[in-house]
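This report refers to the structure that appears directly beneath it.
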Amino acid sequence: SFMWGTAVAACARAARWEEAVLLHHEMKARGMRPDKVSYSAVITACDRALKWQVAVELLQEMIASGIMPDIRAYNSVLSALARAGNTKLALELFERVKREGLNPTVFTFASLIKCFANNGDWKQALLLLEDMRISGVEPNLVTYNSCISACEQAGRLDVAQNLFNELEVLKIRPDVITYSALISTCEKAGEWRQALAYLEALKASNLKVNEVAYNAAIAACGRGYQWRKAIDLLRELSDTEGLKPDVYSYSSAIAACERSQRWQDAVDLLEEMIQKGLIPNVVCFSSAISACSKAGQWEFAMKLLQRLRDGQGLTPDLIAFNACITGCARSLQWEKALELFDEMVKCGISPDVITFNSLINACARASKVEQAFSLLKKMESSGITPN
RNA sequence: AACGGCAUAUAGUCUACAG
């Protein structure tokens, strides 16, 4: 049983959740009783694969088979819920942990903080930081990194910087994750200069810079309309020993060009990444589509959409369609926009409020008042509330 | 007391109005 549990853990580590679950079931079929460690391991495998429902089921199964989950088993489930964005259930489970008289650990709090971070709720994250001190759990670097990350969505760089300063007071050394989280917070705050300053500080430290930090900085430049700096960083990343640009680097750089109305540069970067042997994903394509759309290059946008349809393992998603519809709208191609709408529905993609806004805009720009109103009706009958 | 299980960072889409 111990051996099987170890095998389950190995599957979890290798990100093979199906095999972990299979092993778990075979174990039971052979009359073995997975212990709490084995259960935690298989739950962790589900966590990595975003299978929170399975994780919750396994916890229930564990209880049903007479094994009392320990705090680490709960932590595994909480992590799965946090990763999947199920804050409500996570909080319920946290209440249960306390009712059971189990002591939450620093791991427990990290998952809960991540839940609030997902929702951009930095205030709740900071309250948890306070709660953990009160309950005698010492915050660590992961706790602080999670809290800094919770400041990102709201762009509360001030709060993030206070947390960073607290680390120094506590004599906790920041790591590359701390810096990346700060850089991303700068991005959302529109502070690209500060983002670059943090990247420089990271490079000057004895920490190892990685792609994530660079990518976050590229995105920060992009949001600040610094497309040239974004591309410079991409080049610098290429030239850095041991690092190489990945799909995130390129998608961020393409998006930077898009924001700065540099559609040709965006498309060039898309081609460049292919030449370098990277496989652009739907995000790279839709960023490039959006770049063309904004520049009135609707035909080019349509061509890129076509490549997305033809590409190996690629299919246009909601955002790709929306971006292309917007391009048609701007170029007064309202009929093409409506065709794209029909196509996406046929593909089983549910249009959202942005889809309808773009379509209505397409009709509006082309003075197709009737069609615009009929879309508004269609929107409401599809259960989408006009904003 | 030890052993197999737990947490943190990066990218894409719309409109009007105001500035």
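Throughout, a chain's letter reflects where its sequence line sits, starting with A, and its residues are numbered from 1. What you see below is based on every heavy atom in this structure, not just the backbone, and it leaves out hydrogens, waters and symmetry mates.
- Among the protein residues, A:S252 comes within range of the sugar-phosphate backbone only, with heavy atoms under 4.0 Å from sugar or phosphate atoms but none that close to a base.
- Counting to the nearest Å, the C1' atom of B:A9 and the CG atom of A:L202 are 11 Å from each other.
- At the heavy-atom level, A:D175 lies nowhere under 4.0 Å from the strands shown.
- Salt bridge A:E343/A:R309: present, at least one basic N to carboxylate O contact under 4.0 Å.
- With distances taken from any side-chain atom of A:E152 to the nucleotides B:U10, B:G5, B:U8, the minimum falls on B:U10.
- Closest approach of A:T178 to A:P174, counting heavy atoms only: OG1-CA, 3.6 Å.
- For A:R133 and A:E166, the salt-bridge test passes: some basic side-chain N is under 4.0 Å from an acidic carboxylate O.
- Ion pairing between A:E95 and A:K98 holds under the 4.0 Å rule for side-chain N and carboxylate O.
- We find that CH2 of A:W122 is positioned 20 Å from C1' of B:A9, with the value rounded to whole Å.
- In this structure, the nucleotide among B:U8, B:A7, B:G12 sitting nearest to the side chain of A:V106 is B:A7.
- Taking the centre and axis of the six-membered ring of A:Y39, the NZ or CZ atom of A:K36 falls outside the cone set by 45° and 6.0 Å.
- Base contact: A:N210 has a heavy atom under 4.0 Å from a base atom.
- Summarising the geometry of A:V159 relative to A:C151, their closest heavy-atom pair is CG1-SG, 3.6 Å, with the distance given to 0.1 Å.
- Here B:U10 presents its C1' atom at 13 Å from CG of A:L182, a figure rounded to the nearest Å.
- Among the protein residues, A:A323 comes within range of the sugar-phosphate backbone only, with heavy atoms under 4.0 Å from sugar or phosphate atoms but none that close to a base.
- Within the nucleic acid shown, A:D352 has no heavy atom closer than 4.0 Å to any nucleic acid atom.
- A donor N or O paired with an acceptor N or O is found under 3.5 Å between the base of B:G12 and the side-chain atoms of A:D317.
- Between B:A7, B:G5, B:C14, one nucleotide has an atom nearer to the side chain of A:T326 than all others, and that is B:C14.
- Checking B:G5, B:A7, B:U13 against the side-chain heavy atoms of A:A110 singles out B:A7 as nearest.
- The base of B:G4 has none of its N or O atoms less than 3.5 Å from a complementary donor or acceptor on the side chain of A:T6.
- Contact annotation: side chain of A:D70 to base of B:G5, donor-acceptor pair present below 3.5 Å.
- Nucleic acid contact class of A:A73 (heavy atoms, under 4.0 Å, all strands): base.
- Between the CD1 atom of A:I113 and the C1' atom of B:U8 there is a distance of 9 Å, given to the nearest Å.
- If you check B:A9, B:G12, B:G5 against the side chain of A:V283, the one that comes closest is B:G12.
- Comparing atom distances between the A:V212 side chain and each of B:C14, B:G5, B:A9 picks out B:A9 as nearest.
- Whole-Å rounding puts the A:F2 CZ to B:G4 P distance at 7 Å.
- Closest contact between the side chain of A:S287 and the listed nucleotides B:G12, B:U10, B:A9 involves B:G12.
- Of all nucleotides listed (B:C6, B:U8, B:U13), B:C6 comes nearest to the side chain of A:S76.
- For the OP1/OP2 pair of B:A11 and a distance below 4.0 Å, the side-chain nitrogens and oxygens of A:K188 include at least one atom meeting the criterion.
- Base contact: A:V282 has a heavy atom under 4.0 Å from a base atom.
- Judged by distance alone, with hydrogens and angles left aside, A:S180 brings a side-chain donor or acceptor within reach of the base of B:A9, the pair sitting under 3.5 Å.
- Contact record, A:V137 with A:T105: CG1-C, 3.8 Å, taken as the closest heavy-atom pair.
- Nucleotide B:U8 holds its P atom 13 Å from the CG atom of A:L141, rounded to whole Å.
- If you check every strand for non-hydrogen atoms under 4.0 Å, A:R48 touches sugar and phosphate atoms only.
- Rounded to whole Å, the distance from OH on A:Y248 to P on B:A9 is 11 Å.
- You won't find any donor-acceptor pair under 3.5 Å spanning the side chain of A:N75 and the base of B:G5, going by distance alone.
- With B:A9, B:C14, B:G5 as the candidates, the nucleotide lying closest to the side chain of A:N357 is B:C14.
- Within the structure, every side-chain polar atom (N or O) of A:K36 is placed at least 4.0 Å from both OP1 and OP2 of B:G4.
- Residue A:S146 is classed as a sugar-phosphate contact, given heavy-atom separations below 4.0 Å to backbone atoms only.
- Applying the 4.0 Å criterion to OP1 and OP2 of B:A11, one finds that A:R223 has every side-chain N and O outside that range.
- Contact check for A:P386 versus A:V353: no side-chain heavy atoms found under the 4.5 Å cut-off.
- Nearest nucleotide to the side chain of A:R330, out of B:A9, B:A11, B:U15: B:U15.
- Atom CZ of A:F321 and atom P of B:C14 are 17 Å apart (whole Å).
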